[in-house]
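Structure first, then comments.
Hydrogens, waters and symmetry mates play no part in the numbers below; they use all other heavy atoms, side chains included. The sequence lines fix the lettering, A, B, ..., with proteins before strands; numbering per chain opens at 1.
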Amino acid sequence: MENQPTSGGCGSGCGCHSDPGGQADATRRNLLKAAGVTLGAAAFAKAISPIVNWSRENLSVDEFLQQHYRELDKEQLAAVMKRLEQDAKKNYGADVTISDHRPQKGVKFGYALNLSVCIGCRRCAEACHHENNHDRATNNSYIRVLEMQKGSMDIEHGNAHYDHPVPHPDKFYMPVQCQQCDNPPCVDVCPVEATWKEDDGIVVVDYNWCIGCRYCEAACPYHARRFNWTKPVIPKAEINPKQSYLSNRIRPQGVMEKCTFCLHRTREGKMPACLEACPTGARVFGNLLDPDSEIRKVIDNKRVFVLKEELGTRPSFFYFFDE
Amino acid sequence: MNSTITNAENPHDAKFHATSYLKFLRLAFRLATEGTWTFYVWMFVLSCVFLVGAHAWATQVAQGMIVTAMTDHVSWGLYIANFTFLVGLAAGGVMMVIPAYIYHDNDMHDTVIIGELLAIASIVMCLMFVVADLGRPDRFWHMMPFIGKFNWPISMLTWDVIVLNGYLLLNLHICGYMLYKRFLGETPDRRWYVPFVFLSIAWAISIHTVTAFLYCGLGGRPFWNTALMAPRFLTSAFVAGPAFIIVVLQLIRRMTQMKVGPGSIQTLVAIMRITILIDLLMLGSEVFTALYTGGAHSTAIRYLFFGHGDLNALVPWTWVSLAFMVTAAVLLMRPKVHEHLKVLDVACVLAFVGIWIEKGMGLIIPGFVPSTLHEWVEYIPSAAEWKIMAGIWAAGLIVYTLLLKVAIPVFTGNVSGRRAK
Amino acid sequence: MFFGVIAVIAVFFMGALAIPWLQRNRDRPGRAFSDKKPGDFTHPVVIRKPGGVALVDTGKKDSHGQAVMVACATCHDTRDPNFNANSGESLKEFHQGLKTQHGGQTCLSCHNHEDYNTLKRADGRPLDFSESMQLCAQCHGPQYRDYQNGSHGGMTGHWDLKQGPRERNHCTDCHDPHHPKYPLVMPVFPPKPVIGEAIPSADGEKSH
């Protein structure tokens, strides 16, 4: 950072070359600078070439310009879903149908889990994995089953990696998944509103709007959110072809995802995949606004509690014991 | 010929500025690309490191963030750690502004620009770290207000976007204006910089407060959910910033013709003496609160200092950071330390590194260990992450070097756009 | 000049605010409810019923290789009822392999000695095998109540019976009536440990 040879008050744009070294020096210097800049630019282009290749394969102009799900009108949404179906065919070789499932009026979902009846077989986690087209390599699932010590509700002593015949007499089993909170911290922190709570209580993610900052994953107190650290890998034969835009379509790389209470099933009145897989009937699901529903009977008659109630998240997922 | 002093009766017109500003830019380009062999080697090395980082980042975008060591349990790592530290450095860079403008310290007045240029380079690095941390940087436009969706005011990240970019623009304006005026050989018009300088003081506090609020508002992370987060951020920023600037001022004194009076360094040392003690006090307060109470909310701090079973990757870093900070504090207490520059330099380096560790690894990682379901997953950055970090630091140093390379000659009046008399 | 810049910025700002208002009537499905109307018909809940008459495997195979099954009455019509037997071990013929663990009850607590093709309620009235849930319910009232309320016993189908039917397990789909305690199973689908994860060992101690 040494001083420049002073030009006696002249700026460089003067035109009179009064600087020592003369014109030849200046020309050689400029030539070297130009060469340096060109080399630098070429090196930079080479350095970032993986991005160019990636965007050529994975990013179309339509996808880049796609608006937020809630701003699309009917034709645009239909076009987007068609494009996504074609992408699924191209990337995974599978013929899928992607639909749009909207909430029903007068429905607010609640889910309850009977901790006296759950045996910890993890079939719910497995069903979720298959229903939601999760990445096979990581055994990803939205449900994590914790083996808890009887006599303690402290998750500190929970273990998700148990591998012995269940149920163990000293333990009880607590599956944890997205609680679809009524005051969700993940929705508050998302800078681009890629995640929001719908009218039937389900917190959803627009996978084509998420920028992958993972603030929601930091904010969630229940370890409910999953990030696509790479492009999901699923064999064609195992893909669940009935997909929905907001739930179980195959997610792209670099975006967040989470349990959606199988909205592609539940918004048609069906049970979520985890409930159907549960052999003991520990899971209870239904419409909290229907006074005759099973979920209301559980809440009215059993001693239900929620996880981390003191955080004020107001989950829609309740736990209870029979005795 | 143009007059050397502008005043309200004889302002320059737009046409004048169109040619003059271009000349300024051409001068800047010339200053930025010519220098000693040291300069060329320094820039070349930095460029190579930057290219390595750029390539690693491109690979990360193509293959996904699986090339990092982050997981669903520890979902923020080296990038956000560096981002947090650099926001502090940017805020601290403006620390010289307070004595210069509020307390009318004339010695500081000339060296203030060094701090403001540091703020610019730091914010550039912050923005680069944020982009490096995004899973889909191609969707950056989703964050723009009106064009995308901007979840303001609920999401603290949107506040961070506003304050960081605003701070960058503020400092670009202040420095750009001062340099351009010096280039023209004219006295800067107070109306065009003094209000912005005072705004930048408040704004510097806000960038760090908002960044602290990113973390301390999350109830699900008890290690972060403490009211002390924002004050701790501020004090550590006001240690790291002056520490860096003290070293840079000495380098400038040695390598350029800019006059750096002893007053600047003295003032900065005086600031550091106070802020480093407050920072250590706050750290002690956090440690006491966690360890005395015990229970689940203390597991993260215990993990930091003592490890958990076999998991103790962060323990040596934590104790080293504490040792550095305490040593730096002790060294800074020495009377007239500003006259013993070697000791001062050691203290500054120790403080800077200690705070980098404390703000980076010591803040971000323990927020995720243990996870919200109390599972223990350690995080050790992968090679790709180190490369990207190095690349971004190299880019920041390139920016800072170039800014100084242009600013110092213009400021010392060794080059100017004054027409020959 | 200054005011010109401000004016341009203001125009952009107002435009950005006006455009969403101008588009407020666009049909955006992402903000709408479903227009499906479920209707009034309540679909049935089908409980998997056990087969009609209970049969016992003799252990012999017929000429086609099928197991030879006999109805209870085949043997029990010609014998006196044994009111003390409560497990297969005390018997000399048949049912020796039958493991029982059901509160130490005798066989004839549930089986009807007057008609071995039926079961017996607590008051002695016969109960068809297809209605055996009522027998379980007599003693296991809380579980039966929970079953009726939907919080016990596996099911598939629809949560909303206005939109589709439901199929439910019978008690005996999970609970063997002679040995009803739910059996131990091996869990499936363990989560894969990620880099740097400490896997707790079997006794709960966490280590690498």
(message) Using every non-hydrogen atom in the two residues, find where A:Lys171 and A:Gln149 come nearest and quote the distance to one decimal.
(response) NZ-OE1, 2.7 Å
(message) Quick check on A:Glu57 against chain B: is it the side chain, the backbone, both or neither that has a heavy atom closer than 4.5 Å?
(response) neither
(request) Please determine, among A:Gly36, A:Cys190, A:Pro191, the option with the most heavy-atom pairs under 4.5 Å with chain B. (result) A:Pro191
(message) Taking atom CZ as the centre, does B:Phe44 end up with more than 12 heavy-atom neighbours from other residues, nucleotides or ligands that are less than 6.0 angstrom away?
(response) no
Just list the side-chain donor-acceptor pairs under 3.5 Å for residues 306-315 of chain A, sequence neighbours left out, or say none.
residue  : atom : partner  : partner atom : Å
A:Lys308 : NZ   : A:Pro221 : O            : 2.9
A:Lys308 : NZ   : B:Thr372 : O            : 2.7
A:Thr313 : OG1  : A:Tyr222 : OH           : 2.7

(request) Pick one of side chain, backbone, both or neither for B:Ser47, based on which atoms fall under 4.5 Å of a heavy atom in chain A. (result) neither
(message) For chain A, which candidate among B:Asp138, B:Ile80, B:Thr158, B:Val74 shows the most heavy-atom pairs at distances under 4.5 Å?
(response) B:Asp138
(message) Heavy-atom pairs under 4.5 Å with chain B - which of A:Arg214, A:Arg144, A:His223, A:Glu193 has more of them than the others?
(response) A:Arg214
(request) Can you tell which part of A:Arg225 gets under 4.5 Å to a heavy atom of chain B, answering side chain, backbone, both or neither? (result) backbone
(request) Measure B:Thr299 against the heavy atoms of chain A and call it side chain, backbone, both or neither at under 4.5 Å. (result) side chain
(message) As an exercise: rank B:Ala54, B:Ala56, B:Gly367, B:Ala62 by heavy-atom pairs under 4.5 Å with chain A and give me the winner.
(response) B:Ala62
(request) Specify which of A:Asn53, A:Asp188, A:Thr230 makes the most heavy-atom pairs with chain B at under 4.5 Å. (result) A:Asp188
(request) If the plane angle is over 60° it's perpendicular, under 30° parallel, otherwise tilted; pick one for B:Trp141 and A:Trp209. (result) perpendicular
(request) Under 4.5 Å heavy-atom distance to chain A, tell me which part of B:Trp152 shows up: side chain, backbone, both or neither. (result) neither
(message) Please classify the contact between B:Leu157 and chain A as side chain, backbone, both or neither, with a heavy-atom cut-off of under 4.5 Å.
(response) both
(request) Just do the salt bridge (charged side-chain N to carboxylate O under 4.0 Å, His left out) check on A:Asp182 and A:Lys197 with the steps written out, would you? (result) CA-CA 8 Å; A:Asp182 279 345; A:Lys197 190 171 171 78; 3.2 Å; yes
(message) Less than 6.0 angstrom separating the ring centers of B:His73 and B:Tyr379, yes or no?
(response) no
(request) Identify which of B:Gly219, B:Gly53, B:Ser75, B:Gly220 forms the greatest number of heavy-atom pairs closer than 4.5 Å to chain A. (result) B:Ser75
(message) For the interface with chain A, which of B:His55, B:Arg221, B:Gln63, B:His142 has the highest count of heavy-atom pairs at distances below 4.5 Å?
(response) B:His142
(request) Using non-hydrogen atoms and a 4.5 Å limit, figure out which bit of A:Leu39 sits close to chain B: side chain, backbone, both or neither. (result) neither
(request) Might you point out which heavy atoms bring B:Met258 and B:Thr256 nearest each other, and give the distance in Å? (result) N-OG1, 3.1 Å
(request) Would you kindly say whether A:Tyr215 and B:Ser155 are connected by a side-chain donor-acceptor distance under 3.5 Å? (result) no
(request) Show the numbers, then the answer: is there a side chain to side chain contact (heavy atoms under 4.5 Å, CB included) between A:Met174 and A:Met153? (result) CA-CA 10 Å; A:Met174 191 161 79; A:Met153 279 305 294; 4.2 Å; yes
(request) Would you mind checking which part of B:Leu25 comes under 4.5 Å of any heavy atom in chain A, side chain (CB onward), backbone (N, CA, C, O), both or neither? (result) neither
(message) One pair to check against salt bridge (charged side-chain N to carboxylate O under 4.0 Å, His left out): B:Arg136 and A:Glu63. What are the steps and the verdict?
(response) CA-CA 12 Å; B:Arg136 294 299 297 249; A:Glu63 183 178 338; 3.7 Å; yes
(message) I need the residue from A:Ser55, A:Ala219, A:Ala224 with the largest number of non-hydrogen atom pairs under 4.5 Å to chain B.
(response) A:Ala219
(request) Heavy-atom distances under 4.5 Å only: say whether A:His68 touches chain B with side chain, backbone, both or neither. (result) side chain
(message) I'd like to know which of A:Gly40, A:Ala43, A:Ala194, A:Ala218 tops the heavy-atom pair count under 4.5 Å against chain B.
(response) A:Ala218
(message) Taking side chain as everything from C-beta outward and backbone as N, CA, C, O, which of these in A:Val37 sits under 4.5 Å from a heavy atom of chain B? Side chain, backbone, both or neither.
(response) neither
(request) Taking the six-membered ring for Trp and the single ring otherwise, decide whether the centroids of B:Phe50 and B:Trp57 are under 6.0 Å apart. (result) no
(message) Counting only heavy atoms from other residues, nucleotides and ligands, does the tally under 6.0 Å from CZ of B:Phe140 exceed 12?
(response) no
(message) Pair A:Gln76, A:Tyr69 - check side chain to side chain contact (heavy atoms under 4.5 Å, CB included), show working.
(response) CA-CA 9 Å; A:Gln76 289 170 326; A:Tyr69 167 80; over 6 Å; no
(message) What part of A:Val189 gets within 4.5 angstrom of chain B, counting heavy atoms only: side chain, backbone, both, or neither?
(response) both
(message) Any carboxylate oxygen within less than 4.0 angstrom of a Lys/Arg side-chain nitrogen, looking at B:Glu34 and B:Lys405?
(response) no
(request) May I ask you to name which of B:Met144, B:Met156, B:Met143 has the most heavy-atom pairs under 4.5 Å with chain A? (result) B:Met143
(message) For B:Met70, which atoms come within 4.5 Å of any heavy atom of chain A: side chain, backbone, both, or neither?
(response) both
(request) Please determine, among B:Asp160, B:Leu22, B:Asn151, the option with the most heavy-atom pairs under 4.5 Å with chain A. (result) B:Asn151
(request) With a 4.5 angstrom heavy-atom cut-off, could you sort out which part of B:Phe24 is near chain A: side chain, backbone, both or neither? (result) neither
